[in-house]
Protein chains: 2
Amino acid sequence: MAASESSRAALVRSPTMGDVAAGAGVSRATVSRALSRPERLRPETVERVKQTAQELGYVLNPVAKALSTGRFGNLALVVPDIANPFFPPMIRAMEGLADRAGFSVFLGNADEDPAREHKLLGQLAKQVDGIVLASSRMTEELIREHAERRPLVLVNRDVAGLPRVLVDSAGGVAQAVEHLAGLGHRHIAYLNGPSRSWSNTQRRRTVQRTAERLGRSVSMVAARLSSYEAGRRAVPALLACGASAVIAFDDLLAHGVLTGLAERGVAVPSAFSVVGCDDVLAAQTHPQLTTVSARAAEAGRAAVELLTGRLASAVAISDARLMLETSLVVRATTGPAPGR
Amino acid sequence: MAASESSRAALVRSPTMGDVAAGAGVSRATVSRALSRPERLRPETVERVKQTAQELGYVLNPVAKALSTGRFGNLALVVPDIANPFFPPMIRAMEGLADRAGFSVFLGNADEDPAREHKLLGQLAKQVDGIVLASSRMTEELIREHAERRPLVLVNRDVAGLPRVLVDSAGGVAQAVEHLAGLGHRHIAYLNGPSRSWSNTQRRRTVQRTAERLGRSVSMVAARLSSYEAGRRAVPALLACGASAVIAFDDLLAHGVLTGLAERGVAVPSAFSVVGCDDVLAAQTHPQLTTVSARAAEAGRAAVELLTGRLASAVAISDARLMLETSLVVRATTGPAPGR
DNA sequence: TTGAAAGCGCTAACAA
DNA sequence: TTGTTAGCGCTTTCAA
C-alpha cells in the first residue's frame with residue numbers, strides 16, 4: 001500500500017515526471033527535455049512523451065522546477081494600498097503583461113506602512129524572479145537593500161541607480177495652475193497627500209513654483225493621507241485660507257472636497273474650483289472632474305517591461321529612469337474665479 | 001571553485017540550512033527543528049542556532065520547504081476584473097487576513113473571461129494551498145473540477161456542495177424598490193450588469209418580484225458589462241422606457257448614468273432617481289449615491305476565514321453557504337417621483 | 001539522441 | 001534531545 005509499491009497509487013496523487021517516463025518508456029530526463037527543449041530530441045520521442053503526458057493529465061510542478069533551476073516564474077507586486085483607486089488600473093495592466101510573459105504575480109498590500117512593506121518584500125523575495133515596487137514608503141537605504149537581493153523596478157519613487165518609472169505630474173500640475181490662473185484665480189490651495197510620497201513632493205513643489213512664476217499666492221493644506229474622508233475634512237481649512245480653487249493630491253481627495261463643499265453650500269465650479277490628480281476616479285465618476293492624467297496603467301506596463309526585459313537579458317540595465325509626461329484634462333469642476 | 005568546494009562560496013549565494021548547521025555545529029535537521037519546533041530541542045541549542053542563523057542572515061527557502069512538505073504558504077485569489085471598484089476592498093481585506101494567517105497571495109485577473117479564469121487556476125493550483133474564486137464566470141462543471149484539485153472557496157457564486165460566501169443583495173435591492181415606490185415612482189428600470197454574474201441574476205429577479213408585489217412596472221435595460229461608459233450609453237434607453245428611476249447593477253454603472261443624465265439636462269433626483277449597488281464608489285465619491293451596501297470587504301474576509309479554517313482542520317467543511325445580508329443606504333440621488 | 005546520477009534546500013521518519 | 005538518511009519533483013552535466 002506504500003505509495004511507491006505499485007503504479008496504481010498514481011490514481012490518488014497527481015502524476016510526476018517519473019510516471020510519464022514510465023508510461024512512455026523513457027527516462028525522466030527525456031521527459032524533461034521533451035517538455036522544455038523538444039528540438040534536442042527525436043520528434044517521435046517528443047510526440048510519444050507528450051502523448052502520454054496528456055493521457056496521464058500530467059502538469060509540471062513549478063515548485064520542483066523552481067527549486068532546481070532557481071527560476072520561479074513569479075513576479076511580486078507591492079503597493080501601499082490596493083484600495084486606492086490609483087492602483088487597480090496599474091495592477092491590472094501589470095498582471096496582464098506579466099501573464100503574457102509567462103509569470104504569475106504575487107500581490108502585496110503594504111497598508112502605507114514601511115515596516116509591512118519591508119516584511120512583505122522579505123517573504124516574497126525567495127519565491128519570485130523580480131519585484132515591482134510602487135510608491136514605496138520605505139527609506140532609500142532599505143529599498144537599495146531589497147534591490148540587491150532581487151531585480152527590482154520602482155514606480156513613482158526616484159532612487160538613483162535603480163530602474164524606475166516615474167509619472168511626471170509636473171507638466172500636468174503646472175498646466176493646472178496655469179489653467180486656474182487663466183480663469184482669474186489669484187489664490188490657489190494645494191491639498192497634500194501622504195508625506196512620504198514622491199508624487200506628493202513633486203506636485204507640491206510644482207504648484208508652488210508655477211504659482212510663484214505667475215504671481216499667484218498659494219496655501220498648503222494638509223490631508224496627510226489619500227482618502228475621501230480626509231478630503232472632506234480638509235474643506236474648512238480650504239475655505240479659511242482664502243483660496244478660490246484647490247488642486248488636490250489625487251482624485252479621491254478631490255471627491256471628498258466636492259462633498260465637503262456641497263455640504264457647506266459652496267457651488268462648484270461657480271464659487272470654487274476643484275482639480276484632482278490621476279484621472280482614475282475622474283474617468284469613471286460623475287461629476288466630470290478636472291484632473292491631471294496619471295497614466296497609471298502605462299506606468300505599470302512600463303515597469304513590468306523593464307523588469308522582464310532585465311530578467312531575460314541577464315544584463316542589468318540598472319539606471320533606467322523612465323518619465324511619463326502628464327497633462328491637464330479640463331472637465332467640469334473648474335471655472336472662472338468668483339466675482340470676475 | 002565549485003560551489004561545494006569551500007565554505008567561502010557562501011559569500012555569494014544566500015546561506016542555506018547547511019551553512020547554519022555548520023556554523024552552529026549541529027545537523028541540518030536540528031536547524032530545521034530549531035526554526036519550526038523549538039520545543040523539541042534544548043533551549044540553549046535553539047538559542048545557538050537562531051543566533052548563527054541571524055548572523056549569517058539566513059532566511060528559510062519557502063520553495064524548498066514547499067517541495068518537501070507539500071504545503072506552500074500561498075493562497076490564490078482570482079477575480080474577474082481588479083479594476084472594478086467592487087474588488088479592491090475585497091482583495092485588500094483578503095490580503096490582510098491571509099497575511100496574518102501566514103500566507104502570501106497570488107492575484108489573478110481573469111478579465112471577465114472564463115477561459116482565462118480556467119488557465120489561471122490551472123497554473124496557480126500547483127503552488128497554492130487554497131483558492132478564493134470571486135464572481136466566477138466559469139461553468140459550474142469547471143468550477144467543480146478545480147475545487148477537486150485544491151480547497152476552494154467561492155464568493156458571489158452559488159454552487160451547491162462547495163463552500164461559498166454570498167452577498168445577498170436581495171434584501172437591499174428589495175428595500176431600494178420599496179424606497180422608490182414609497183417616493184411615488186410607478187415605473188422603475190433595472191440596468192443589468194454582466195449576464196453570467198450570479199449577483200446580477202439575483203438583483204434582476206428581486207427588482208422584478210418586488211415591483212410586481214408593489215404593483216409597479218419594471219423595464220429591463222441591458223448594459224451587459226459593468227463600466228462607467230456602459231452606464232452612460234444606457235441613458236437614452238433608460239429615458240425612452242418611461243421609467244422615472246433606475247436601479248443599476250452597480251455603482252460604476254450608476255455613475256455613468258448620472259453623467260448621461262446630466263448631459264441631457266435631466267436633474268437628479270428631482271427629475272430622475274438613481275440607485276447604485278455595492279456602496280463602494282458611493283462611499284468615496286461625490287455626489288452621495290443612494291446605493292445598496294455590498295460588504296465586499298466582509299465577504300472577502302469570510303472567504304479567507306473559511307479557507308484557512310478548512311486548511312487548518314483538515315476536515316473538509318464542504319457545504320458552507322454563508323449569506324451576508326445587505327440593506328439600502330439612502331443618500332442624495334433619490335427623491336420623490338416628478339410631478340408628485 | 002538518450003540515460004544515469006547528482007543536486008536544488010528542506011522535512012520527517014527512524015535510530016541512537 | 002539530536003543525527004542519519006531518504007526523499008519531495010525537477011533540471012542538468014556527463015557519458016554512452
Side-chain angles (χ1 to χ4, degrees), chain A residues 2-5 9-10 12-49 53 56-74 123 125-127 129, chain B residues 1-5 7 9-10 12-50 53 56-74 125-127 129:
Chain A
S4 55
E5 199 178 296
V12 294
R13 59 163 180 63
S14 53
T16 73
M17 232 169 214
D19 300 326
V20 179
V26 297
S27 74
R28 284 154 57 205
T30 300
V31 176
S32 176
R33 291 189 190 108
L35 266 31
S36 48
R37 278 181 201 49
E39 71 278 5
R40 300 199 175 178
L41 252 40
R42 221 181 336 159
E44 52 204 86
T45 312
V46 173
E47 185 48 41
R48 187 153 38 96
V49 169
L56 266 49
Y58 170 75
V59 195
L60 200 149
N61 181 329
V63 171
K65 175 173 187 168
L67 184 60
S68 165
T69 61
R71 302 184 75 283
F72 305 87
N74 296 149
Q123 66 187 49
K126 289 261 167 181
Q127 39 187 338
D129 299 309
Chain B
M1 271 300 177
S4 54
E5 198 177 298
S7 64
V12 295
R13 59 163 180 63
S14 55
T16 75
M17 233 169 213
D19 299 328
V20 179
V26 296
S27 74
R28 282 153 58 203
T30 299
V31 176
S32 176
R33 290 186 191 109
L35 266 30
S36 48
R37 278 181 201 51
E39 70 279 6
R40 300 198 176 178
L41 253 39
R42 217 179 339 157
E44 53 205 82
T45 312
V46 174
E47 183 50 38
R48 189 153 37 97
V49 169
K50 287 196 169 169
L56 267 50
Y58 171 74
V59 195
L60 200 148
N61 181 330
V63 171
K65 175 173 187 168
L67 183 60
S68 165
T69 61
R71 302 184 73 281
F72 305 87
N74 296 148
K126 290 261 167 179
Q127 40 187 338
D129 299 308

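Just so you know, these numbers come straight off a predicted model, no measurement behind them. Residue numbers start from 1 in every chain, and the chains themselves are labelled A, B, ... in the order their sequence lines are given, proteins ahead of strands. Every heavy atom of this structure was used, including side-chain atoms; hydrogens, water molecules and symmetry mates were not.
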Which nucleotide wins on minimum distance to the side chain of [X], given the candidates [options]?
X: A/A29; options: C/dG7, D/dT12, C/dG9; value: D/dT12
X: B/L60; options: C/dT11, D/dG9, C/dG9; value: C/dT11
X: B/S68; options: D/dT12, C/dG9, C/dT1; value: C/dG9
X: B/K65; options: D/dT2, C/dT11, D/dC10; value: C/dT11
X: A/T30; options: C/dT11, D/dT1, C/dT2; value: C/dT2

d([atom1], [X]; [atom2], [N]) in whole Å:
X: B/L41; N: D/dG3; atom1: CG; atom2: C1'; answer: 11 Å
X: B/R42; N: D/dG3; atom1: CZ; atom2: P; answer: 10 Å
X: B/E44; N: D/dT2; atom1: CD; atom2: C1'; answer: 13 Å
X: A/L35; N: D/dT12; atom1: CG; atom2: C1'; answer: 15 Å
X: B/R48; N: D/dT2; atom1: CZ; atom2: P; answer: 8 Å
X: A/R71; N: D/dT11; atom1: CZ; atom2: C1'; answer: 13 Å
X: B/M17; N: D/dG3; atom1: CE; atom2: P; answer: 13 Å

Please determine if a side-chain N or O atom of [X] lies less than 4.0 Å away from the OP1 or OP2 oxygen of [N].
X: A/R28; N: C/dG3; value: no
X: A/R37; N: D/dT12; value: yes
X: A/S27; N: C/dA4; value: no
X: A/S32; N: D/dT11; value: yes
X: B/R40; N: D/dT2; value: no

How long is the straight-line distance from [atom2] of [Y] back to [atom1] of [X], given to the nearest 0.5 Å?
X: B/D129; Y: B/T69; atom1: CG; atom2: OG1; answer: 8.0 Å
X: B/K65; Y: B/R71; atom1: NZ; atom2: CZ; answer: 8.0 Å
X: B/T30; Y: B/M17; atom1: OG1; atom2: CE; answer: 10.0 Å
X: A/S68; Y: A/N61; atom1: OG; atom2: CG; answer: 11.0 Å
X: A/L60; Y: A/S32; atom1: CG; atom2: OG; answer: 7.5 Å
X: A/D19; Y: A/S14; atom1: CG; atom2: OG; answer: 9.0 Å

- Within the structure shown, what part of the strands sits under 4.0 Å from A/V26 by heavy-atom distance: base, sugar-phosphate, or nothing?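 Since only primed, P, OP1 and OP2 atoms lie under 4.0 Å of A/V26, the category is sugar-phosphate.
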
- Message: Under 4.0 Å, heavy atoms only, any strand: does A/T45 hit a base, just the sugar-phosphate, or nothing?
- Response: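 The answer is sugar-phosphate, as A/T45 gets under 4.0 Å only of primed atoms, P, OP1 or OP2.
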
- Task: Please tell me which of B/E39 and A/N61 maps to the more 5' nucleotide of DNA chain D, matching each residue to the nucleotide holding its nearest heavy atom.
- Result: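 Taking each residue's closest nucleotide, the earlier one in sequence belongs to B/E39.
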
- Query: Counting only distance, no hydrogens or angles, is the base of D/dT13 paired donor-acceptor with the side chain of A/R33 under 3.5 Å?
  - Reply: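 Answer is yes: a donor-acceptor pair is held.
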
